[in-house]
Amino acid sequence: MPDVSNNIPHKPVPGYVPAKAPRPLPGNIPPKKKWKFSFRYWRQVEYFGIDQCDKSWFASVLTRFSEVSSLHVEDALSGSYGPSLRCHSIDWNAKNIPISRESIDWIADYANEEIEFLQFSISTGRGRVVGFFDSEQTFNIVLLDPMHNIQPSAKHNYQVRATYISQCAITKLSVTFEKAITGCEHLSPDQQGDLLAILRAQNLKYFDAAVHLSISEGHLQKAYEFARHGVITDLGELLEATIDGLG
């Protein structure tokens, strides 16, 4: 019969103290990573523009980025920080969603990878941020969604609301150059045409744009009101109607 006198008892025995297990070395425990962001792949596209957003919206976005930057990624994804973050995957089959997974084609570095796109809330009524985590657990922002168009909700009858793409300072500078060229009396019409062609070629090269519009703040706000009330779907439709009316 085998000797069991030296075996560790299965039940607690008075005076018996089990040996301490060796503690893992701190260097062998991977630290939790804080959430960090990249704007490398951020773009404005139809239904995901920011031109109509006011200062308080941008303040809300920056505040949210500051808050989320203090969170640990794994805890945020598991819901440990509560429901207010509303972080979850994009449902590409959602009703009335105005964009497809395939149309996000500007992330060429990840074209052949199965990327899971996520969204999280900016704040109540302020929309969402859309992006994906890379191998370094950096969240790459691809869209800002001030109108919550990425997942139209039943609460708003699955409505998709128009947004407008904001011009950057370089685009506005291009408009200034165009006005200077067309208003210069020392240039012949042919010279003006040549210079404008060069300017527009550069715009196409860097900004994928060919038309620049200058509009007063008052008229721009009226156009936004037309869109909010469903009279037009975007500014292009308003421009087309105006041109047709002139003809």
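Computation of the quantities below employed the complete heavy-atom set of this structure, encompassing side-chain atoms and omitting hydrogens, waters and symmetry-equivalent molecules. Numbers here simply count residues along the sequence, with the first being 1.
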Test your reading of the model: is there a side-chain donor-acceptor pair from Asn149 to the backbone of Arg161, 3.5 Å cut-off?
yes
What verdict does the side-chain contact (heavy atoms from CB on, under 4.5 Å) test give for Ile99 and Ile104, after you've listed the backbone C-alpha separation in whole Å, the side-chain angles of each residue and the deciding distance to 0.1 Å?
CA-CA 8 Å; Ile99 191 171; Ile104 303 179; 4.1 Å; yes
If we only count heavy atoms from C-beta on, is the Phe117 to Ser89 side-chain gap below 4.5 Å?
no
Flag side-chain contact, heavy atom, 4.5 Å: Leu71 against Leu85:
yes
From the list Arg40, Lys36, Lys33, side chain to side chain contact (heavy atoms under 4.5 Å, CB included) with Thr138 holds only for Lys36
Check: Phe139 and Ser38 side chains under 4.5 Å, non-hydrogen atoms
no
Nearest-0.5 Å distance, CH2 of residue Trp42 to CG of residue Leu143:
10.0 Å
Determine whether the aromatic ring centres of Phe65 and Trp35 lie less than 6.0 Å apart.
no
Test item: Val130 and Ile141 side chains (from C-beta on) under 4.5 Å apart, heavy atoms
no
Testing the basics here: between Arg64 and Ser121, what is the closest heavy-atom pair and its distance to 0.1 Å?
NE-O, 2.7 Å
As a quick check of understanding, evaluate side-chain contact (heavy atoms from CB on, under 4.5 Å) for Phe37 and Val129, giving each step before the final call.
CA-CA 11 Å; Phe37 296 96; Val129 177; 5.6 Å; no
Check whether any side-chain heavy atom of Lys32 lies under 4.5 Å from a side-chain heavy atom of Val73, and answer yes or no.
no
Closest contact, heavy atoms only, Glu67 versus Ser70:
O-OG, 2.7 Å
State whether the side chain of Gln119 and the backbone N or O of Arg128 hold a donor-acceptor pair below 3.5 Å, judged by distance alone.
no
Please check if the side chain of Thr163 supplies one atom and the backbone of Phe48 the other of a donor-acceptor pair under 3.5 Å.
yes
Drop me the distance from Gln159's CD to Met147's CE, to the nearest 0.5 angstrom.
9.5 Å
Look at the side chain of Asp145 and the backbone N and O of Gly127, then say whether any donor-acceptor pair between them is shorter than 3.5 Å.
no
In this structure, CD1 of Ile90 is separated from CD1 of Ile97 (nearest 0.5 Å) by 6.5 Å
Closest heavy-atom pair, Cys53 versus Phe58, reported as atoms and distance to 0.1 Å, is O-CE1, 3.7 Å
Could you give me the CA-CA distance, side-chain angles and deciding distance for Ile150 and Tyr47, then say whether side-chain contact (heavy atoms from CB on, under 4.5 Å) is met?
CA-CA 9 Å; Ile150 193 68; Tyr47 299 112; over 6 Å; no
Please tell me whether Trp92 and Tyr158 are part of a single hydrophobic cluster in this structure, the criterion being side-chain heavy atoms less than 4.5 Å apart.
no
Grouping I, L, V, M, F, W and Y whenever their side-chain heavy atoms are under 4.5 Å apart, do Phe133 and Phe39 come out in a common cluster?
yes
Salt-bridge contact Arg101-Asp91 (side-chain N to carboxylate O under 4.0 Å)
no
About how many Å separate CZ of Arg86 and OG of Ser123, when rounded to the nearest 0.5 Å?
9.0 Å
For residues Trp106 and Tyr41, establish whether the separation of their ring centroids is below 6.0 Å.
no
Carefully, step by step, assess Val68 and Phe120 under the rule side-chain contact (heavy atoms from CB on, under 4.5 Å).
CA-CA 10 Å; Val68 174; Phe120 66 86; 4.2 Å; yes
So Ser166 and Gln52, do their side chains get closer than 4.5 Å, heavy atoms only?
no
Would you say the side chains of Asp190 and Ser188 form a donor-acceptor pair under 3.5 Å?
no
Note: Gln151 and Ala94 closest approach over all heavy atoms is NE2-CB, 3.1 Å
Less than 4.5 Å apart, any side-chain heavy atom of Cys87 and any of Leu77?
yes
Between the side chains of Arg126 and Ser56, is a donor N or O closer than 3.5 angstrom to an acceptor N or O?
yes
Just verifying a value: how many Å separate Asn93 CG and Ser100 OG, rounded to the nearest 0.5 Å?
11.0 Å
Could you measure the distance from the CG atom of Asp194 to the CG atom of Leu187? Nearest 0.5 Å is fine.
10.0 Å
